[in-house]
Amino acid sequence: TADIYQDANSITSLTNTSRNASEYVSITDVSANATGSYESTATTISAAETKMSCTVLYADAAGTATLNTDLKVSLSADNGSNFTQVTLSSTGNTFSSGVKVAVSNEVTVTSGTQVKYKVEFANQSGSKTTRVHGIAMVH
């Protein structure tokens, strides 16, 4: 399952974040140490899943995000009743547009057939702004 934010249909529960017309989601409050989050809508899969991982496309619009601190991702297979945070690691790959690639470890999730993710931003400000351009869940 992959989201690249071509429209707002794949995201929900935006808290202090918004989808930009340039196809990314970021924080709307740039005061010191601002936080925000959003969730994807659930995607129904054919068989129950208990292990998941993800790939994240993100960019530093200002400053440099620390993965797993300033940018966190959690996964769920039971429609968000239970989320499990992943550990993101940089692949070292950066597109010419400045978009970076991070991958997660595989985590055990509560069994279910409605997969979704949650993104959390922390420590955002005018001098540190992180943008998420897309997420692919592997299940």
Side-chain angles (χ1 to χ4, degrees):
T1 303
D3 282 337
I4 54 171
Y5 313 126
Q6 292 178 338
D7 58 39
N9 294 332
S10 64
I11 55 176
T12 185
S13 303
L14 286 93
T15 303
N16 203 22
T17 58
S18 66
R19 178 189 162 273
N20 182 282
S22 296
E23 309 304 332
Y24 61 82
V25 178
S26 69
I27 195 103
T28 53
D29 177 5
V30 291
S31 61
N33 297 315
T35 61
S37 64
Y38 68 98
E39 294 179 16
S40 69
T41 55
T43 299
T44 302
I45 57 176
S46 60
E49 189 59 66
T50 60
K51 300 230 181 252
M52 296 175 67
S53 62
C54 68
T55 299
V56 180
L57 301 178
Y58 72 101
D60 295 315
T64 303
T66 301
L67 296 175
N68 309 306
T69 301
D70 303 326
L71 176 61
K72 298 178 184 178
V73 176
S74 299
L75 302 174
S76 172
D78 63 355
N79 197 26
S81 293
N82 297 283
F83 279 101
T84 302
Q85 185 176 331
V86 299
T87 300
L88 296 172
S89 301
S90 173
T91 64
N93 296 326
T94 303
F95 295 101
S96 61
S97 61
V99 174
K100 300 176 180 182
V101 181
V103 295
S104 80
N105 60 319
E106 183 178 74
V107 294
T108 300
V109 296
T110 302
S111 182
T113 59
Q114 292 187 300
V115 296
K116 66 188 304 185
Y117 61 84
K118 176 173 61 174
V119 173
E120 296 175 275
F121 298 98
N123 306 310
Q124 303 293 289
S125 65
S127 60
K128 184 190 290 183
T129 305
T130 309
R131 296 176 176 166
V132 175
H133 288 262
I135 295 186
M137 292 182 288
V138 180
H139 46 85

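These numbers come from a predicted model, not from an experiment. Hydrogens, waters and symmetry mates play no part in the numbers below; they use all other heavy atoms, side chains included.
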Side-chain donor or acceptor of [X] paired with backbone N/O of [Y] under 3.5 Å:
{"X": "Ser76", "Y": "Asn82", "result": "yes"}
{"X": "Asn105", "Y": "Thr87", "result": "yes"}
{"X": "Thr17", "Y": "Ser37", "result": "yes"}

I need the [X] [atom1] to [Y] [atom2] distance, nearest 0.5 Å.
{"X": "His139", "Y": "Thr43", "atom1": "NE2", "atom2": "OG1", "value": "7.0 Å"}
{"X": "Leu75", "Y": "Lys116", "atom1": "CG", "atom2": "NZ", "value": "12.0 Å"}
{"X": "Arg19", "Y": "Leu14", "atom1": "CZ", "atom2": "CG", "value": "10.5 Å"}
{"X": "Phe121", "Y": "Asp70", "atom1": "CZ", "atom2": "CG", "value": "10.5 Å"}
{"X": "Arg131", "Y": "Asp60", "atom1": "CZ", "atom2": "CG", "value": "10.5 Å"}
{"X": "Thr64", "Y": "Lys128", "atom1": "OG1", "atom2": "NZ", "value": "8.0 Å"}

Between [X] and [Y], which heavy-atom pair has the shortest distance, and what is it?
{"X": "Glu23", "Y": "His133", "result": "O-ND1, 3.7 Å"}
{"X": "Gln124", "Y": "Ile27", "result": "CB-CG2, 3.8 Å"}
{"X": "Thr130", "Y": "Ala65", "result": "OG1-CB, 3.3 Å"}
{"X": "Cys54", "Y": "Val73", "result": "SG-CG1, 3.9 Å"}
{"X": "Gly36", "Y": "Asn16", "result": "CA-CB, 4.0 Å"}
{"X": "Ala32", "Y": "Ser125", "result": "CA-CB, 4.2 Å"}

Side chain to side chain contact (heavy atoms under 4.5 Å, CB included) between Val119 and Leu71, intermediate numbers included: CA-CA 7 Å; Val119 173; Leu71 176 61; 3.7 Å; yes
Measure the shortest side-chain to side-chain distance between [X] and [Y] over non-hydrogen atoms and say whether it is less than 4.5 angstrom.
{"X": "Thr84", "Y": "Met52", "result": "no"}
{"X": "Glu120", "Y": "Thr35", "result": "no"}
{"X": "Leu57", "Y": "Val101", "result": "yes"}
{"X": "Ser90", "Y": "Leu67", "result": "yes"}

Membership question, hydrophobic clusters at under 4.5 Å side-chain separation (ILVMFWY): are [Y] and [X] in the same one?
{"X": "Ile135", "Y": "Val107", "result": "yes"}
{"X": "Val115", "Y": "Val103", "result": "no"}
{"X": "Leu88", "Y": "Phe83", "result": "no"}

What class does the angle between the rings of Tyr38 and Tyr117 fall in, given that below 30° is parallel, 30 to 60° is tilted and above 60° is perpendicular? perpendicular
